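One structure below.
Bear in mind that the values here come from a model prediction, so they are computed numbers and not experimental data.
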Amino acid sequence: MPEELRAIIGKREVWKSLGAVSHREAVRLSHVESVKADALFAEARAKRAGSTTDDTPALVSDRASPRQPHKRACCN
């Protein structure tokens with residue numbers, strides 16, 4: 001957690017269990033979680049700056065199951 005955002009987010013660390021998945025799936029899920037963390041940080045920075053516009057990326061819903069297959073536009 002970036003130190004300047006700890007007070008806004010209210011946490012020192014962000015942890016997310018990826019569950020018992022293969023290494024390949026864990027790598028893929030880690031990318032998804034990284035994007036979500038970046039969005040969380042962007043929202044907190046906007047809040048810190050007093051931004052009232054909706055320019056920050058929307059967070060991916062935590063209700064989405066990380067085990068749902070990722071739909072791709074092309075083949076593996």
Taking all heavy atoms of Arg48 and all of Glu4, pick out the closest pair and write down the distance.
NH1-CG, 2.8 Å
Would you say Ser30's side chain and Val27's backbone share a donor-acceptor pair under 3.5 angstrom?
yes
So, taking the atom named NE2 in His23 and the one named CZ in Arg28, what distance separates them when rounded to the nearest 0.5 Å?
14.0 Å
What distance do Leu40 atom CG and Arg45 atom CZ have between them, rounded to the nearest 0.5 Å?
9.5 Å
When you look at Leu18 and Glu33, which way does the side-chain contact (heavy atoms from CB on, under 4.5 Å) test go after all the steps?
CA-CA 9 Å; Leu18 300 178; Glu33 294 304 322; 4.1 Å; yes
Identify the two heavy atoms, one from Ile8 and one from Ala44, that lie closest to each other, and give their separation to 0.1 Å.
CD1-O, 3.6 Å
Let me confirm one number: the NZ-CE distance from Lys11 to Met1, rounded to the nearest 0.5 Å.
7.0 Å
